[in-house]
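Here is the structure we will look at.
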There are 2 protein chains.
Amino acid sequence: MQQNSTSPPRRGLTRDRVAEEAALLADEVGLGKLTLTALADRLGVRQPSLYKHIDSMAGLHRDIAVHAKRELGEVLARASVGRSGADAITAMSHSYRDWAVKHPARYEASNLMPAADDVEDAAVSLAAIQVIADVLTAYELDGDDAVDAIRAFRSTLHGFVSYESAGAFAWSANVDRSFGRLVNGFIVALAQWKSSPAKHPGL
Amino acid sequence: MQQNSTSPPRRGLTRDRVAEEAALLADEVGLGKLTLTALADRLGVRQPSLYKHIDSMAGLHRDIAVHAKRELGEVLARASVGRSGADAITAMSHSYRDWAVKHPARYEASNLMPAADDVEDAAVSLAAIQVIADVLTAYELDGDDAVDAIRAFRSTLHGFVSYESAGAFAWSANVDRSFGRLVNGFIVALAQWKSSPAKHPGL
DNA sequence: CCAAGTGGCTAGTGTCAATAGCCAAATTGA
DNA sequence: TCAATTTGGCTATTGACACTAGCCACTTGG
C-alpha cells in the first residue's frame with residue numbers, strides 16, 4: 001500500500017547504527033559537545049526518536065565506549081601479532097597513538113569506566129587491556145610486577161596522547177620524535193623493571 | 001541610612017573569590033558538573049549576579065585554571081627546592097600526584113590550554129612547566145633532548161594521575177607502589193636519555 | 001553632597017536532555 | 001490472509017541550564 005500523506009517513514013535505525021553515527025559525529029565536534037539534536041539530524045530523524053534506540057545521553061556515551069574499546073583492542077591486537085618484546089611494544093604504542101589521534105572522541109570514550117553491573121562493557125575493557133598484558137608477558141613479569149608494568153604502560157601512552165589531542169605540546173619540537181623517545185624510554189625502564197623497586201618520597 | 005525593606009544586600013564578591021569557591025565546589029561535584037546556580041547558592045547570591053564577576057562558564061573555567069596552575073606550580077617548586085636529580089624528580093612526582101588526587105577538578109582545569117591571546121594564563125602555565133624544566137636541567141639535557149624529556153615526564157605523570165582519578169586502576173594491587181615504580185622507571189629511562197634515539201615503527 | 005559607577009535583583013530567552021502520549025508501519029501467528 | 005501486537009517514528013511539553021536585558025539601591029570619589 002501507498003503510505004498516507006502524513007506518515008512517518010521508517011529509517012533503518014538500530015542501536016549499533018546510532019552509536020556508530022554518534023562516534024563519527026563526536027569525533028568531529030568533541031564528545032562533550034555531542035548533542036542528540038545534531039545526531040538525530042544526521043540520521044534523518046527527530047530528536048525524541050533516538051530514545052527508541054538509546055537510554056540516555058550517558059547510555060549513548062557508554063555505547064560509543066563499547067564500540068571504541070572493541071575497535072582499540074582490535075587495533076592493538078593487529079599491531080602486536082607476530083611480534084614480541086620491545087618490537088611488539090613499539091608497534092602497539094604507535095598504533096595506539098595513531099588510532100587515538102585519529103578518533104579523539106572515541107578515544108575519550110574508550111577511557112570511560114564500565115558501570116559496576118555492565119558485563120559487556122567490562123568484557124571489552126578487559127579484552128583490550130589483555131592485549132597489553134599479553135605483550136608484556138614476554139618480559140617474564142608476573143603478579144605485582146606485571147600489574148605495575150601494565151599500569152605504567154597505559155599511563156605513559158594515555159598521558160602523551162591526551163596531551164597531544166589537547167594541543168598541549170605547544171613548542172615547535174617534533175611530536176613524533178618525542179613520542180618515539182617516550183616509548184623507547186619505557187622499554188629501557190621495563191628491561192630493569194624487577195630491579196627497580198618503588199621508593200617512597202623522602203620526608 | 002537604614003536599607004529599604006526590599007534591598008539587595010551586598011556580599012563582598014570579587015572575581016578571585018568566585019573562582020576560589022568555584023574550585024572548591026568543582027572539586028566536590030566534578031568540573032563538568034559545576035553549575036552557576038549551585039555556585040551562586042554557595043556564595044549567597046542569585047545566579048545572574050555571578051555575571052558581574054565572570055564572563056561566561058568558559059571564562060570561569062579559565063579563572064579556575066589560572067588559580068590551579070599557580071597552585072600546582074607552587075606545589076612543585078616547594079617539592080623540588082633544595083633537591084636535585086633523581087631526588088628532585090621523585091619528590092616533585094609525589095607532590096604532583098598528591099595535589100592532583102586531592103583536587104581533581106582543579107587538576108583537570110590546570111590542563112586546559114590558554115587561549116591564544118591570554119597572556120596571564122600563558123604565563124602561569126609556563127611558570128609551572130618551568131619548574132619541571134629546571135629540575136630536568138640537572139641531567140644536562142638541552143634542546144630537543146630537554147623538550148622530549150619534559151614531554152615524557154608530564155605525560156607519564158598525567159596519564160597515571162588521570163587514570164587514578166577516574167578509578168581506572170581496578171585491580172587490587174597497591175596504587176602507591178605502582179606509582180613509585182612508574183617514577184623510578186622514568187628516572188631509569190632518563191639516565192639513558194641521550195643514548196636512546198627514537199625509532200619509527202616497523203612496516 | 002551629589003554624580004557616576006558597581007553589584008545586586010527580577011524577568012525573561014534559547015538550547016539542551018528527557019518524558020508523555022499518539023499513530024502508522026512492520027511483524028507475528030492462527 | 002488478516003487481525004493483534006509490537007515497533008519506531010512523531011508532536012508537544014517539561015525542566016535544567018547558560019546567558020541577556022534592564023531595574024534600582026548601595027558605594028565611592030570629586
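What you are looking at is a predicted structure, and each value in this text was computed from that prediction instead of being measured. Convention: sequence-line order gives letters A, B, ...; per-chain numbering from 1.
- If you take CZ of Arg15(A) and P of dG8(D), they are 13 Å apart, rounded to a whole angstrom.
- Between the NZ atom of Lys33(A) and the P atom of dT15(C) there is a distance of 16 Å, rounded to whole Å.
- Ring planes of Phe160(A) and Phe169(A): tilted class, angle from 30 to 60°.
- When every heavy atom of Ala88(A) is checked against every heavy atom of Val135(A), the shortest pair comes out as CB-CG1, 3.8 Å.
- Here dG9(D) presents its C1' atom at 15 Å from CG of Asp41(A), a figure rounded to the nearest Å.
- Following rounding to the nearest Å, Leu43(B) (CG) and dG7(C) (P) show an atom-to-atom distance of 14 Å.
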Problem - ring-ring contact (aromatic ring centres under 6.0 Å, His included) evaluation trace for His94(B) with Phe179(B) - result: CA-CA 8 Å; His94(B) 283 88; Phe179(B) 184 70; 5.3 Å; yes
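- Checking the phosphate oxygens (OP1, OP2) of dG9(D), a side-chain nitrogen or oxygen of His53(A) falls inside 4.0 Å.
- Taking atom CG of residue Leu39(A) and atom P of nucleotide dA18(C), one finds them 13 Å apart after rounding to whole Å.
- Looking only at side-chain heavy atoms (C-beta outward), Asp121(B) and Val124(B) come within less than 4.5 Å of each other.
- The distance between atom CZ of Arg46(A) and atom P of dT15(C), rounded to the nearest whole Å, is 15 Å.
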What pairs of nitrogen or oxygen atoms, one from the protein and one from nucleotides 16-20 of chain D, lie under 3.5 Å apart?
unit_1	atom_1	unit_2	atom_2	d
dA18(D)	OP1	Leu36(B)	N	3.2
dA18(D)	OP2	Leu36(B)	N	3.2
dA18(D)	N7	Gln47(B)	NE2	3.3
dC19(D)	OP2	Tyr51(B)	OH	3.1
dC19(D)	OP2	Met57(B)	N	2.5
dC19(D)	O5'	Tyr51(B)	OH	3.4
dC19(D)	N4	Gln47(B)	OE1	3.1

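- Using a 30° and 60° split on the angle between ring planes, Phe153(B) and Phe186(B) fall in the tilted class, from 30° to 60°.
- With values rounded to the nearest 0.5 angstrom, Thr35(B) atom OG1 is found 7.0 Å from Leu25(B) atom CG.
- One can place CG of Leu13(B) at 9 Å from C1' of dG8(C), the figure rounded to the nearest angstrom.
- Rounded to whole angstrom, the span from the CZ atom of Arg10(A) across to the P atom of dC10(D) amounts to 11 Å.
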